[in-house]
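Worksheet: one structure, shown below.
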Amino acid sequence: MVKECFLLVFSDLDGTLIDHETYTWDDAQEALARLRDMDAGLVLASSKTASEVVAIRTALAQEAWPAIVENGAGLLPPFAADAPASSEYERIRLVLSDMPADLRQHFRGFGDLGTAELCQITGLDTVAAQRAQQRSFSEPGLWFGSKDAKIRFLATLREQGISAQQGGRFLTLSFGRNKADQMRDIIGTYQPRYTVALGDAPNDIAMLEHADFGIIVTNPHGPPLPRLIREDQGRVTRTQVAGPVGWNRALLDLIDRLDLN
Ligand SMILES: [Mg+2]
């Protein structure tokens with residue numbers, strides 16, 4: 001049975017609902033409570049893995065909704081404890097290991113990093129970093145080479161059907177599905193009256209453009225997103241304040257503006 005839904009909110013996590021520094025969403029509690037009161041759905045859409053998102057989804061009491069994981073490369077079904085089994089991650093790692101060393105050496109993926117190293121880069125604790133390394137569909141990493149070498153690296157991946165998306169921090173490799181692809185499927189299933197999307201990084205743009213209302217959450221740690229076409233029509237807006245504070249204000253304002261209560 002498919003849950004009925006009037007308003008479905010798609011939200012990125014890091015730098016959007018979750019504060020870049022503190023890793024909490026405390027400042028968004030008011031809007032989260034409003035969504036619960038309205039019986040609106042919250043679909044988490046993150047570059048995180050299923051095993052990372054499952055704990056966050058439970059803490060947010062949103063288990064009844066699917067979550068978009070690994071940047072849209074995979075889906076965590078409602079109430080599931082993990083994503084369905086997939087060999088995509090192993091296939092990406094194989095393509096990387098077959099690549100010429102002069103290109104391969106500039107990319108440090110999660111599979112190349114020890115857990116301690118990943119903790120250092122991300123600020124995650126050991127358990128959280130281990131969850132981040134339990135991947136099924138995609139490989140995030142850091143690029144240390146030149147722009148020119150990156151172009152050749154990406155072209156080599158493309159020949160194997162692998163594409164790359166730049167998130168707030170990581171370059172993520174996958175077999176092509178993005179957050180908006182998953183979003184379209186979820187909208188098709190639940191047929192909400194209104195959709196809202198919130199995000200802070202280039203990997204959120206397709207989702208922001210596809211929603212009825214897109215909210216760009218300002219992220220001072222990255223370059224601002226380019227101006228989106230629908231900003232001129234007021235369908236895409238930007239928050240003044242970053243992270244969960246901006247998320248909270250923007251969503252409350254939108255709910256009031258649309259008189260959705
Ligand atoms: Mg983000």
Side-chain angles (χ1 to χ4, degrees), residues 12-15 44-54 56 66-77 80-122 124 127-186 199 201-207:
D12 171 57
L13 292 175
D14 287 344
L44 308 179
S46 174
S47 56
K48 291 179 183 297
T49 63
S51 59
E52 291 177 282
V53 169
V54 83
I56 296 167
I68 298 167
V69 300
E70 297 196 32
N71 239 338
L75 195 78
L76 174 67
D82 209 342
S86 164
S87 64
E88 289 181 13
Y89 184 71
E90 281 70 30
R91 282 158 56 207
I92 294 166
R93 293 293 305 175
L94 266 179
V95 169
L96 285 171
S97 56
D98 287 346
M99 192 177 275
D102 67 315
L103 289 180
R104 177 66 181 88
Q105 63 181 347
H106 304 301
F107 181 77
R108 297 268 289 153
F110 279 25
D112 303 316
L113 299 169
T115 302
E117 218 176 337
L118 189 59
C119 290
Q120 222 168 37
I121 292 168
T122 57
L124 296 171
V127 174
Q130 283 166 345
R131 284 182 182 148
Q133 287 181 305
Q134 282 170 35
R135 314 202 63 84
S136 303
F137 310 101
S138 67
E139 176 69 330
L142 296 169
W143 181 257
F144 294 100
S146 66
K147 267 190 177 171
D148 195 54
K150 189 177 179 183
I151 291 168
R152 284 184 289 129
F153 175 73
L154 297 181
T156 307
L157 290 171
R158 238 185 340 264
E159 285 168 16
Q160 305 294 323
I162 295 173
S163 59
Q165 296 183 75
Q166 185 66 56
R169 236 174 241 184
F170 297 109
L171 181 69
T172 300
L173 316 181
S174 77
F175 284 99
R177 285 174 69 78
N178 64 29
K179 290 181 180 183
D181 295 324
Q182 298 287 358
M183 180 188 186
R184 277 187 201 94
D185 288 354
I186 293 169
N203 61 335
D204 298 314
I205 289 176
M207 194 170 72

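Hydrogens, waters and symmetry mates are skipped; everything else that's a heavy atom, side chains included, is used.
- At a threshold of 4.5 Å between non-hydrogen side-chain atoms, the residues Asn203 and Phe170 do not count as touching.
- In this structure, CD on Glu90 lies 10.5 Å from CD on Glu139, to the nearest 0.5 angstrom.
- The backbone N or O of Ala45 sits less than 3.5 Å from a side-chain atom of Lys179, completing a donor-acceptor pair.
- One distance of note links CD of Gln130 with OG1 of Thr49; it measures 11.5 Å at 0.5 Å rounding.
- Scored by the side chain to side chain contact (heavy atoms under 4.5 Å, CB included) test, Arg131 finds Ser51, Glu52, Ala55, Val127 as partners (sequence neighbours excluded).
- In this structure, the side chain of Arg152 does not engage the main chain of Ala155 through any donor-acceptor pair within 3.5 Å.
- Separation of atoms CG (Leu75) and CG (Asp185) is listed at 8.0 Å; rounding is to 0.5 Å.
- Between the side chain of Glu70 and the backbone N or O of Arg135, no donor-acceptor pair lies under 3.5 Å.
- What you find for Ala50 and Asp82 is that their closest heavy atoms are CB-OD1, 3.4 Å.
- The distance from atom CG of Leu142 to atom CD1 of Ile121, rounded to the nearest 0.5 Å, is 5.0 Å.
- Comment: Asp112 engages Arg93 in a salt bridge, judged by a side-chain N to carboxylate O separation of less than 4.0 angstrom.
- The closest donor-acceptor contact from the side chain of Asn71 to the backbone of Ala73 lies at 3.5 Å or more, if one exists at all.
- Judged as a side-chain hydrogen bond (donor to acceptor under 3.5 Å, both in side chains), and not counting sequence neighbours, Gln160 has no contacts.
- When side chains are defined from C-beta on, Pro84 counts as touching Pro77, because their heavy atoms get closer than 4.5 Å.
- Between the CG atom in Leu96 and the CG atom in Leu157 there is a gap of 6.0 Å [rounded to 0.5 Å].
- Nearest heavy atom pair, residue Asp12 against residue Met207, reads N-CE, 4.2 Å.
- Using modelled atom types, no side-chain atom of Asp98 and backbone atom of Val95 make a donor-acceptor pair closer than 3.5 Å.
- Minimum interatomic distance between Leu76 and Ala83 (heavy atoms only, all atoms of both residues): CD1-N, 3.9 Å.
- The heavy-atom pair separating Phe144 from Arg108 by the smallest distance is CE1-CG, 3.4 Å.
- Scanning both residues, Ser86 and Phe137, for their nearest heavy atoms gives CB-CE2, 3.5 Å.
- For the atom pair CZ of Arg91 and CZ of Phe175, the computed distance is 4.0 Å after rounding to the nearest 0.5 Å.
- Side-chain contact of Gln165 with Ser174: a donor-acceptor pair under 3.5 Å is absent, judged by distance alone.
- Of all non-hydrogen atoms in Leu173 and Ala164, the two that sit nearest each other are CD2-CB, 3.7 Å.
- Under the 3.5 Å distance criterion, the side-chain polar atoms of Gln133 are matched with a main-chain donor or acceptor of Phe110.
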